[in-house]
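In this text the structure is predicted, and so the values were computed from the model without any measurement.
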Amino acid sequence: MKRLLSLLGISLLALTLAVPAFAAEKPIKVYINGSNVAFTAGSPYLYNNTVLVPFRVVFEKLGLKVLWDAKTGTVTGTGSNLEIRLKVGSNRATVNGLVKKLTTAPVATSGTTYIPLRFIAEATGGTAVWESAGRTVQITTAVSAAADEQEITALIQSSIQYLNEENAKGFYSLFISEQGQTEAIESMNDYFKSYDVKNSIDSLKILSLQSNEATVYTKESSVRTGGRYLPDEQIEYLYSLVRKNGVWKISGSEAQNRSILLTREQGMAAAVIPQNDASVIKDNLSKYLQAMSAKNVDGVHAQMTSYGPEYDDASKKDTADFFNKYNISYTLNDANVFYYGGDEAAVYVETSVKDADSGESYKQSLIFIFSKSDSGAWTIDDNYHVAYSE
């Protein structure tokens with residue numbers, strides 16, 4: 001009788017070791033490409049140094065269609081050019097018909113079939129990393145270049161669409177969320193109130209693509225359709241992207257180069273403008289360039305729009321630093337107001353530039369943006385370089 005009880009105890013112990021011991025240890029968490037996998041049919045557990053998980057949710061998260069044969073206890077997962085087949089109690093599995101040995105066989109308990117997680121991750125071309133301290137498994141799937149390139153391209157296209165729809169919130173939803181996004185959305189909405197611009201992607205190239213990071217180069221055009229004046233531009237951008245919780249997001253973008261889309265013929269086409277306004281604008285432009293040549297900081301800023309003491313002081317400091325560094329003179333060759341909107345004007349300007357220190361000289365064409373104050377004074381808001389020539 002004692003021997004029978006002893007054998008029965010051993011059998012019960014073996015049975016206990018074959019099923020999950022949930023209460024004793026911290027629950028195991030599984031992440032696929034950074035996204036936490038929620039298990040509803042049962043919790044992952046560690047047995048024989050192998051993490052076992054309910055099969056269906058993992059197969060589906062890895063993009064496999066699932067077939068369960070209850071009569072034979074066989075689990076089959078199929079995907080593009082892939083078939084994985086496992087059987088409860090068997091340490092043999094097949095991947096596209098090839099037999100693979102398992103360190104731990106699938107287990108069926110409490111109506112749920114558990115399968116070895118690492119095997120499935122590696123069979124689908126990914127990797128699985130066990131972090132014992134946190135009792136987590138990090139699975140990174142194999143990069144599907146075609147699928148990722150399609151998703152990344154769609155992401156950049158969506159950002160352009162949101163800009164054209166003047167949807168600042170939608171635009172920033174494509175970025176990794178950071179503090180200060182609310183302020184950025186408000187700033188963009190202010191921009192939309194003043195400017196109407198149609199944006200488009202002229203070219204897009206994915207420079208690098210890793211498992212969770214990508215770099216994208218684009219050429220984009222920005223064409224004014226209304227609102228306050230902005231010159232049409234083609235801008236080269238470098239985007240940094242990351243995959244977070246299984247979704248690609250923009251982590252940053254930087255303009256690499258800007259080209260003004262204005263020909264000399266367009267710049268020299270005269271706008272319809274009152275003669276008095278045209279004369280004042282050209283006279284103030286001449287005074288500005290003369291003050292630049294004379295290194296007269298106050299004279300330069302007398303022709304510029306004021307945005308308050310703090311901004312003006314910083315701007316004057318930058319101008320003084322420029323004069324200390326360079327010894328340049330400017331000669332006005334030609335100027336034409338090609339856009340006039342009542343309280344703003346765009347002037348196409350051609351100047352000769354000479355560096356007294358190096359003796360070098362060149363010609364440049366620019367756009368100066370003038371605005372008219374309530375008092376009727378015309379001042380310079382901004383300027384853009386169009387082209388350089390020898």
Practice problem: Could you give me the CA-CA distance, side-chain angles and deciding distance for Lys87 and Asp69, then say whether salt bridge (Lys or Arg N to Asp or Glu O under 4.0 Å) is met? | Solution: CA-CA 9 Å; Lys87 186 175 181 179; Asp69 187 338; over 6 Å; no

Under 3.5 Å, is there a donor-acceptor pair between the side chain of [X] and the main chain of [Y]?
{"X": "Gln138", "Y": "Val30", "result": "no"}
{"X": "Thr305", "Y": "Ile380", "result": "yes"}
{"X": "Ser43", "Y": "Phe39", "result": "no"}
{"X": "Lys295", "Y": "Phe323", "result": "yes"}
{"X": "Asn33", "Y": "Lys244", "result": "no"}
{"X": "Thr74", "Y": "Ala70", "result": "no"}
{"X": "Asn48", "Y": "Thr50", "result": "no"}
{"X": "Ser365", "Y": "Val349", "result": "no"}
{"X": "Ser173", "Y": "Gly170", "result": "yes"}
{"X": "Ser286", "Y": "Lys282", "result": "yes"}

Practice problem: Could you check whether the rings of Tyr340 and Trp378 sit parallel, tilted or perpendicular, using 30° and 60° as the cut-offs? | Solution: tilted

Which residues share a side chain to side chain donor-acceptor pair (under 3.5 Å) with [X], sequence neighbours left out:
{"X": "Ser375", "answer": "Ser373"}
{"X": "Asp334", "answer": "none"}
{"X": "Thr124", "answer": "none"}

Exercise: identify the closest heavy-atom pair between [X] and [Y]:
{"X": "Met304", "Y": "Thr379", "answer": "C-CB, 3.7 Å"}
{"X": "Leu209", "Y": "Ala214", "answer": "CD1-CB, 4.0 Å"}
{"X": "Tyr195", "Y": "Tyr229", "answer": "CE2-O, 3.8 Å"}
{"X": "Arg224", "Y": "Asp232", "answer": "N-OD1, 2.8 Å"}
{"X": "Thr136", "Y": "Trp130", "answer": "O-CE3, 3.4 Å"}
{"X": "Asn257", "Y": "Ser259", "answer": "ND2-OG, 4.1 Å"}

Any side-chain donor near an acceptor of the partner, [X] and [Y], under 3.5 Å:
{"X": "Gln157", "Y": "Gln161", "value": "no"}
{"X": "Gln275", "Y": "Ser279", "value": "yes"}
{"X": "Ser221", "Y": "Asp202", "value": "yes"}

Quiz item: Does the pair Tyr114 and Tyr45 meet the rule for a ring pair (Phe, Tyr, Trp, His ring centres under 6.0 Å), with working shown?
Solution: CA-CA 9 Å; Tyr114 292 79; Tyr45 68 98; 5.1 Å; yes

Run through the side-chain heavy atoms of Ile, Leu, Val, Met, Phe, Trp and Tyr, join any pair under 4.5 Å, and report what else lands in [X]'s cluster.
{"X": "Tyr307", "value": "Tyr311"}
{"X": "Val272", "value": "none"}
{"X": "Leu207", "value": "Tyr217, Leu238"}

Excluding sequence neighbours, so at least two apart, what forms ring pair (Phe, Tyr, Trp, His ring centres under 6.0 Å) with [X]?
{"X": "Tyr348", "value": "none"}
{"X": "Phe59", "value": "none"}
{"X": "Phe368", "value": "Tyr288"}
{"X": "Phe192", "value": "none"}

Self-check item: Test salt bridge (Lys or Arg N to Asp or Glu O under 4.0 Å) applied to Arg258 and Glu236, Glu233, Glu220, the passing residue
Solution: Glu233

Output yes when [X] and [Y] qualify as a salt bridge under the 4.0 Å nitrogen-oxygen rule, no when they do not.
{"X": "Arg228", "Y": "Asp196", "answer": "no"}
{"X": "Glu131", "Y": "Arg135", "answer": "no"}
{"X": "Asp357", "Y": "Lys325", "answer": "no"}
{"X": "Glu60", "Y": "Lys65", "answer": "no"}

Exercise. Please identify each residue that fulfils salt bridge (Lys or Arg N to Asp or Glu O under 4.0 Å) with Asp283, with sequence neighbours left out.
Key: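 For Asp283, the residues satisfying salt bridge (Lys or Arg N to Asp or Glu O under 4.0 Å) (neighbours in sequence not counted) are Lys287.
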
Quiz item: Partners of Asp321 by salt bridge (Lys or Arg N to Asp or Glu O under 4.0 Å), sequence neighbours excluded?
Solution: Lys317

Exercise. To the nearest 0.5 angstrom, please state how far the OG1 atom of Thr94 sits from the CG atom of Leu86.
Key: 7.5 Å

Exercise. Measure the CG-CG distance between Leu163 and Asn199 for me, rounded to the nearest 0.5 Å.
Key: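 Separation between the atoms: 5.0 Å.
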
Are [Y] and [X] connected into the same hydrophobic cluster when the rule is that any two of I, L, V, M, F, W, Y join if their side-chain heavy atoms are below 4.5 Å apart?
{"X": "Val107", "Y": "Val51", "value": "no"}
{"X": "Val347", "Y": "Tyr339", "value": "no"}
{"X": "Ile250", "Y": "Tyr237", "value": "yes"}

Quiz prompt | Glu360, CD: over 12 other non-hydrogen atoms inside 6.0 angstrom | solution =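 No, because the 6.0 Å sphere around CD of Glu360 holds 12 heavy atoms or fewer from other groups.
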
